[in-house]
Amino acid sequence: MSQKEDVEMERGIAQILYSFGPGNVFDYGAYDVSMRVKGLDDRDWNVQPVEGLDLKRIRGDIESRIGRFRNGDQPPWETISESDIDAFRPVKVSAEVFPLTMVCENSDCRRVDIRQKPSHYWATDHDDQKPGHCTACGSPLQQLPFVVTHECGAVLQPGPINECPQHERNDPYLYQPTRDPAKWEFRCKQCDKSMGRIAAFCQDCNEHVTGPTPPGGGGLYYPATLLNVDIPTVGKGKDELDMGETWARVLMAAYLEFDDVPLNEENTIEDIATRAGEQDKVEELRASGRTEEEIEMFLEMRAESGGEVDHLTSQFVAEKTRGDIIPVGVGGDTEVDAERVYSVLANQLFTFVRATQGYEGTTDHSDYDPSRQPAPRSLSDLLTPEFKQKYPRAKEYREKLDRINVNEAWVVDNFPLLNVLFGYYRESPDPPEVDLNAFDHPYGDANKIPIFADRSPSEAIILEVDRRAIVEWLEENDRLGEASPRPDTDADDAEYKKWFLNNIDVVATDNPFTPVEHDTTQEVYTLLHSMSHALVSTASDQCGLATESISEMIMPAIPAIVLYAKSAEHFALGGMATLFETRIHPWVDHTIDYTEQCLLDPPCSRDETGAACHACLHLNTVSCESMNEYLDRRRLVGGYDSTPFWDI
């Protein structure tokens, strides 16, 4: 056993948030022991407050996930507000030896020595005993490499769960009749009476817990995490914005690109959302009985006469979409439902608009940070005559993307990600079977829930999928469900944008732990999700990034697919840019070929629940946003009861 009480680990912040949260147990090869990350109440944990987070959105994301856990309706989870959350970034994390159940290496002894602190092993009072040695025979001690976990979230060190009738728990030794740890047991050294198998006692639950697990095994620690795109507003803080329906409708107008709602340096999204302008006059006209059409005409006339953009108030711009767009879920049983709908929809719209168009305003604001503002380059802008001359195969890019019904594509530098760790659970990966545990507050505030967050830049490819092609495919396959009638065949793209905003339940796809019960949303999401997995599965061959290093984000209300590099060490490798600039033609071809067949066909292709398995569309769960649900490659290439969405 090592004489060192604890060690410092060099790990990236992203690794800490996912694998080294407080209380996690892991193998540490440098010392050949298992260790536990120290708790927040320990002085070896250093954290810094994280400012500028959209806590309202984070609260909503957490709230949408906790309902599946066994204790989701119990403290501290039953009611969460933004004021209940404190956000921190880990600066220093340490670990200590765990478990502290040691066994003498002497086969004739095998005595068990259990202490409460690592320091107890090198602070012995026995004159002739060396640190970390058996107090009975002097032989070295060896850590028993097992811990016991409980569904309540406890991780326990094993020991005798029964007393010897004569000698209590004074002199146990480990009996190992076979190599199977399940058959090992503790016995009394003096009378050889059994003291029970390897187990532990959970004091919080007042019950014995069996099932020892090695530190490298499953069930020890499941982090409860969120991964969001964290594009900041500029010039106006999020606390200055009404982040509800008005903010969502201003973003709808920006996304729909109305001619009379220009975005430029004098008229940013943030400016519109916070502008009062002629609002008093608008309210006066409305009170006098004027219709919204008459009010809009009045404001436009004022603008044409020199009013510049003062008529573009938040209310005026919001009203431009109010009659045409009523998102799924609005008008439900509670106002909270509508608030959640507008929040999720606004997030998708803001992410898409800023990640594909960039920031439209001036950069002289004190809060403008170029490292957190996406820098997009569109395929249309990239395919100049000079570029095609340098890369002759680039002439095929548009044709290739047309085959998979991608309208436009962007490669985005400085794609800002926000990793959030808000709790953990043990024993089972299935939330209904276990408790979700909050972390201890680093400053002892029992009224606050601490979360750990870290921003990291990445790079991404955004694919805008042909809206008209999706609607026509849904109609052809009789999958429009309860959706509103499709736009006319000669309708422009703006009408198809409105159709998606009106017919996709954005909340239904926002939580990977809940089923998508809205038919049209499920059909569109399954199509996009299958497409995303097919593209991720083949991207690694073209960009040099491992498949598990590429993650996805599906925005079904746009509709768009975002593939981004997970940047564990806070830098982007350029692989996504290389793929975008030089490898689109083989990427698309390989993706189509890959999707048409599976090693496990024909059973996979004939599966009524969806043609997807570990040999074709399934990805590592840290890359997939929906736990490998809602996948079916037949929707892309045809088969069973589906015509192909792709041109194959």
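Here, residue 1 is the first one in the sequence, and each next residue gets the next number.
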Minimum heavy-atom distance [X]-[Y], with the two atoms named:
X      : Y      : result
Ser623 : Ile550 : OG-O, 3.1 Å
Ala539 : Leu579 : CB-CD2, 4.1 Å
Pro76  : Ile449 : O-CD1, 3.7 Å
Ala460 : Tyr564 : CB-CB, 3.8 Å
Tyr640 : Glu608 : OH-CG, 3.2 Å
Ala438 : Tyr424 : O-CE2, 4.2 Å

Distance (rounded to the nearest 0.5 Å) between [X] [atom1] and [Y] [atom2]:
X      : Y      : atom1 : atom2 : value
Ser537 : Arg633 : OG    : CZ    : 11.0 Å
Cys616 : His618 : SG    : NE2   : 7.0 Å
Leu53  : Arg59  : CG    : CZ    : 14.5 Å
Leu463 : Leu528 : CG    : CG    : 10.5 Å
Met576 : Leu563 : CE    : CG    : 5.5 Å
Ser642 : Leu527 : OG    : CG    : 8.0 Å

Report yes or no: does [X] contribute a side-chain atom to a donor-acceptor pair with the main-chain N or O of [Y] at less than 3.5 Å?
X      : Y      : value
Asn628 : Leu619 : yes
Glu185 : Met195 : no
Arg479 : Leu474 : no
Asp445 : Asn447 : yes
Thr351 : Gln348 : no
Tyr425 : Phe69  : no
Trp77  : Leu436 : yes
Ser530 : Asp632 : yes
Asp607 : Cys604 : no
Gln48  : Val91  : no

Original post:
Among Glu151, His150, His208, which one satisfies side chain to side chain contact (heavy atoms under 4.5 Å, CB included) with Cys202?
Top reply: His150

Regarding [X] and [Y], does a basic nitrogen lie under 4.0 Å from an acidic carboxylate oxygen?
X      : Y      : value
Arg635 : Glu523 : yes
Asp230 : Arg57  : no
Asp430 : Arg68  : yes
Glu82  : Lys56  : no

Original post:
Is the number of heavy atoms from other residues, nucleotides or ligands under 6.0 Å of Gln203 CD greater than 12?
Top reply: no

Original post:
More than 12 foreign heavy atoms under 6.0 Å from CD of Glu482: is that the case here?
Top reply: yes

Are any of the side-chain heavy atoms of [X] and [Y] separated by less than 4.5 Å?
X      : Y      : result
Pro158 : Pro212 : no
Val341 : Val328 : no
Gln157 : Arg36  : no
Val516 : Glu629 : no
Ile231 : Pro374 : yes
Met531 : Leu636 : yes
Asn419 : Thr225 : no
Phe422 : Ile85  : no

Original post:
Can a donor-acceptor pair be found between the side chains of Ser81 and Asp84 at a distance below 3.5 Å?
Top reply: yes

Original post:
Side chains of Glu625 and His529: do they bring a donor and an acceptor to under 3.5 Å?
Top reply: no

Subject >> side-chain hydrogen bond (donor to acceptor under 3.5 Å, both in side chains) between Thr149 and Glu427, intermediate numbers included >> reply: CA-CA 6 Å; Thr149 59; Glu427 188 67 20; 2.6 Å; yes

**OP:** On the 0 to 90° scale, with breaks at 30° and 60°, tag the Phe88-His441 ring pair as parallel, tilted or perpendicular.
**Re:** perpendicular

Subject >> Full working for side chain to side chain contact (heavy atoms under 4.5 Å, CB included) between Ile554 and Thr509 >> reply: CA-CA 9 Å; Ile554 313 297; Thr509 61; over 6 Å; no

Original post:
What do the steps show when you test Phe500 against Ile470 for side chain to side chain contact (heavy atoms under 4.5 Å, CB included), and what is the final call?
Top reply: CA-CA 10 Å; Phe500 275 88; Ile470 291 179; 3.8 Å; yes

**OP:** Any chance you could lay out the side chain to side chain contact (heavy atoms under 4.5 Å, CB included) test for Tyr525 and Ile504, step after step, and finish with the verdict?
**Re:** CA-CA 9 Å; Tyr525 186 82; Ile504 298 299; over 6 Å; no

**OP:** Run the numbers on Trp184 and Leu144 for side chain to side chain contact (heavy atoms under 4.5 Å, CB included), then give the verdict.
**Re:** CA-CA 11 Å; Trp184 295 357; Leu144 182 63; 4.2 Å; yes

Original post:
So, do His533 and Tyr594 have ring centers that fall under 6.0 Å from each other?
Top reply: no

